Trainee: 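Can you keep this structure in mind? I'll have questions shortly.
None of the values given here were measured: they were computed from a predicted structure. Just so you know, these numbers use all the heavy atoms, side chains as well, and skip hydrogens, waters and symmetry mates.
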Amino acid sequence: MIRTAVRRVNEWDGPSMLKIYQPYAGTVQAPEEEAPGLQDYIQRIDTYTYGLGWLLCELDCQPVGFCHLTENREDPQNLFSVEFQLYVKQGFQGMGVGRALWALMRDMMEEGSRREVFARVHRQNQEAQAFFAAMGFQPQGSQGEELLLRYQLSPADPAAQRPTKPYLIDKFAYEAARERAAELVNTARLEHP
């Protein structure tokens, strides 16, 4: 049986995450023409992990996907509104890895009282459009070749003055959400090739 884990990222995950991201760079599936160098990528992880959040999905301790949040480009001062990016290792799409990562990130954002999340998808990236539609994102317009998709969150405390940072989320809520997310990954294809 393949062991599945969905968890918070740390800087030691940088090299394996960068390997997942590199094939996407320079395509309609990523915002960058080139993948950053390892030190730059680790710096990004350090910058965003504690304030916004990065998550990793592993199968038998091997990373197969990750997601992260950044500030909302249209409203960077609004701490309750963020942007979401997701990357699944080639060959592992269609197994629920993206769904699991999104589920845990959504639960953490809601527990942390965030109110909305956006995804930016290139018009030619039909797979991403289908994924985000299936997750409940709604079209919010476009900017050039990018479609802007929005998901309305259900914050735990709608009146909170500030969102709770991911690493301060109650450990019991986090662990329960991790277990639920891991159950969304379907490893049958790998167990019975």
Side-chain angles (χ1 to χ4, degrees), residues 1-14 16-17 20-21 42 44-73 75-89 92 95-120 128 131-138 140 149-187:
M1 179 162 183
I2 294 174
R3 198 176 119 238
T4 303
V6 186
R7 63 171 176 82
R8 292 182 186 122
V9 165
N10 62 56
E11 64 185 20
W12 304 110
D13 296 313
S16 57
M17 291 168 53
I20 293 170
Y21 180 67
I42 290 171
R44 286 184 197 180
I45 294 168
D46 287 345
T47 300
Y48 289 112
T49 296
Y50 298 105
L52 294 170
W54 288 59
L55 300 175
L56 181 71
C57 180
E58 298 173 309
L59 299 179
D60 283 343
C61 299
Q62 298 300 309
V64 294
F66 70 92
C67 67
H68 64 89
L69 300 176
T70 60
E71 294 91 358
N72 179 344
R73 286 179 242 179
D75 192 4
Q77 301 306 313
N78 182 352
L79 301 178
F80 294 99
S81 179
V82 291
E83 292 187 19
F84 176 78
Q85 292 184 24
L86 169 72
Y87 302 96
V88 176
K89 187 174 183 177
F92 290 86
M95 295 175 51
V97 171
R99 181 178 295 273
L101 287 162
W102 163 247
L104 180 55
M105 187 64 86
R106 182 201 59 227
D107 288 352
M108 288 178 63
M109 285 188 290
E110 290 182 343
E111 187 69 26
S113 297
R114 294 201 194 270
R115 298 179 183 140
E116 65 182 355
V117 60
F118 290 90
R120 293 174 184 271
F131 172 81
F132 285 114
M135 296 304 106
F137 281 72
Q138 300 295 318
Q140 292 296 299
L149 309 172
R150 179 178 180 267
Y151 185 92
Q152 178 70 43
L153 295 163
S154 299
D157 180 1
Q161 296 297 309
R162 297 182 67 79
T164 303
K165 293 182 178 182
Y167 68 97
L168 296 175
I169 299 289
D170 176 79
K171 69 178 180 180
F172 297 108
Y174 169 69
E175 289 301 328
R178 280 186 65 212
E179 289 178 20
R180 287 191 304 272
E183 291 173 3
L184 296 173
V185 180
N186 181 355
T187 60

Trainee: Donor-acceptor check, side chain of S16 to backbone of D13, threshold 3.5 angstrom: yes or no?
Mentor: yes
Trainee: Could you give the distance from CG (L69) to CD (Q85), rounded to the nearest 0.5 Å?
Mentor: 9.5 Å
Trainee: Are Q138 and Q152 side-chain neighbours, meaning at least one heavy-atom pair lies under 4.5 Å?
Mentor: no
Trainee: Specify the closest pair of heavy atoms between Y87 and H68, including all atoms of both residues, with the distance to one decimal.
Mentor: CE1-NE2, 4.4 Å
Trainee: Taking all non-hydrogen atoms of both residues, which atom of G14 and which atom of I42 are closest, and how far apart?
Mentor: CA-CG1, 4.4 Å
Trainee: Counting only N and O atoms by type, is there a donor-acceptor contact under 3.5 Å from the side chain of D157 to the main-chain atoms of A159?
Mentor: yes
Trainee: Heavy-atom distance under 4.5 Å between the side chains of I45 and M17, does that happen here?
Mentor: yes
Trainee: Measure from NZ or CZ of R115 to the centre of the six-membered ring of F80 and say whether it is under 6.0 Å with the direction within 45° of the ring axis.
Mentor: yes
Trainee: Side chains of L101 and V6, heavy atoms from C-beta outward: is any pair under 4.5 Å?
Mentor: yes
Trainee: For residues D60 and M1, report the shortest heavy-atom separation together with the two atoms involved.
Mentor: OD1-O, 4.3 Å
Trainee: Give the minimum heavy-atom separation between R99 and F131, together with the two atoms involved.
Mentor: N-CE1, 3.7 Å
Trainee: How far does CH2 of W54 sit from OG1 of T47, to the nearest 0.5 angstrom?
Mentor: 9.0 Å
Trainee: Roughly how far apart are D170 CG and T164 OG1, rounded to 0.5 Å?
Mentor: 10.5 Å
Trainee: Taking the side chain as everything from C-beta on, heavy atoms only, tell me whether Q140 gets closer than 4.5 Å to F118.
Mentor: yes
Trainee: If every non-hydrogen atom of V185 is compared with every non-hydrogen atom of C57, which pair is closest and at what distance?
Mentor: CG2-SG, 4.1 Å
Trainee: Output, in order, the C-alpha distance, side-chain angles, deciding distance and verdict of side chain to side chain contact (heavy atoms under 4.5 Å, CB included) for E58 and L56.
Mentor: CA-CA 7 Å; E58 298 173 309; L56 181 71; 3.9 Å; yes
Trainee: Between Y174 (side chain only) and R7 (backbone N and O only), is there a donor and an acceptor less than 3.5 Å apart?
Mentor: no
Trainee: More than 12 heavy atoms of other residues, nucleotides or ligands under 6.0 Å from CZ of R106: yes or no?
Mentor: yes
Trainee: From L55 CG over to M108 CE, what is the distance, rounded to the nearest 0.5 angstrom?
Mentor: 5.5 Å
Trainee: Do R114 and P163 have side chains that approach each other closer than 4.5 Å (heavy atoms only, starting at C-beta)?
Mentor: yes
Trainee: Can you tell me how far CG of L52 sits from CD of E83, rounded to the nearest 0.5 angstrom?
Mentor: 10.5 Å
Trainee: Determine, stepwise, if the pair N72 / Q77 fulfils side chain to side chain contact (heavy atoms under 4.5 Å, CB included).
Mentor: CA-CA 8 Å; N72 179 344; Q77 301 306 313; over 6 Å; no
Trainee: Quick check for you: to the nearest 0.5 Å, what is the distance between F92 atom CZ and T187 atom OG1?
Mentor: 11.0 Å
Trainee: Find out whether R8 and I169 are in side-chain contact, i.e. whether some heavy atom of one side chain is under 4.5 Å from a heavy atom of the other.
Mentor: yes
Trainee: Can you see which heavy atom on G65 is nearest to which on V97, and at what distance?
Mentor: CA-CG1, 4.1 Å
Trainee: Taking the six-membered ring where the residue is Trp, are the ring centres of F84 and W102 under 6.0 Å apart?
Mentor: yes
Trainee: For a side chain to side chain contact (heavy atoms under 4.5 Å, CB included) check, start with the C-alpha distance between V117 and S81, then their side-chain angles and the critical distance, and finish with the verdict.
Mentor: CA-CA 6 Å; V117 60; S81 179; over 6 Å; no
Trainee: Evaluate the criterion side chain to side chain contact (heavy atoms under 4.5 Å, CB included) for residue pair I20 and F66; output intermediate values, then yes/no.
Mentor: CA-CA 8 Å; I20 293 170; F66 70 92; 3.9 Å; yes
Trainee: Do NZ/NE/NH1/NH2 and the carboxylate oxygens of R178 and E175 come within less than 4.0 Å?
Mentor: yes
Trainee: Taking E11 for the side chain and D46 for the main chain, is one N or O donor matched with an acceptor at less than 3.5 Å?
Mentor: no
